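It should be emphasised that the depicted structure is a prediction, and the values quoted were computed from it without experimental measurement.
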Amino acid sequence: MPIKLSKETEKVLVASIKRFAKEELDLDIGDLKAGFILDFALREVGPTVYNQAIDDAARFMAEKVEDLPGRHEKEFGYWKR
């Protein structure tokens, strides 16, 4: 599933990429090149990050589900007081 970003998010990320290129690489790039870099990152790196996040969430949920059997409450205890 391709990663879709809002136009506002894309705009912020393109500006961030341009700033990174200027400050860290001493390269002055425009919106088009920064957009190409963003597209590359989303297509090439994005799925790996997404998959790791899914694996982390699945592991977290599995741990919580494993803990459920010990969480039962005693039933029909009203008249046993």
Enter the distance from M61:CE to E66:CD here, rounded to the nearest 0.5 Å. 12.0 Å
Within the side chain of D39, is there an N or O that forms a donor-acceptor pair under 3.5 Å with the backbone of G35? no
Assess whether a salt bridge exists between R59 and D55, defined as any Lys/Arg side-chain N lying under 4.0 Å from an Asp/Glu carboxylate O. no
At their closest point, which heavy atom of A34 faces which heavy atom of I17, and how far apart are they? O-CD1, 3.7 Å
Is V14 reachable from F36 through a run of hydrophobic residues whose side-chain heavy atoms are each under 4.5 Å from the next? no
Minimal heavy-atom distance between I29 and I37, with the atoms involved, is CD1-CD1, 4.0 Å
Ignoring hydrogens, what is the shortest heavy-atom contact between V65 and P69? Give both atom names and the distance. O-CD, 3.6 Å
To the nearest 0.5 Å, tell me how far K11 NZ sits from L38 CG. 14.5 Å
Should L32 and L42 be counted in the same cluster of Ile, Leu, Val, Met, Phe, Trp and Tyr side chains packed under 4.5 Å apart? no
Nearest 0.5 Å please: distance from the OG1 atom of T9 over to the CD1 atom of I3. 12.5 Å
Do F40 and L27 sit in one hydrophobic cluster, given that two such residues count as connected whenever their side-chain heavy atoms are within less than 4.5 Å of each other, even indirectly? no
Quick test of your reading: applying side-chain hydrogen bond (donor to acceptor under 3.5 Å, both in side chains), list the pairs with at least one residue in residues 26-37, sequence neighbours left out, ordered by first then second residue. K18-D31
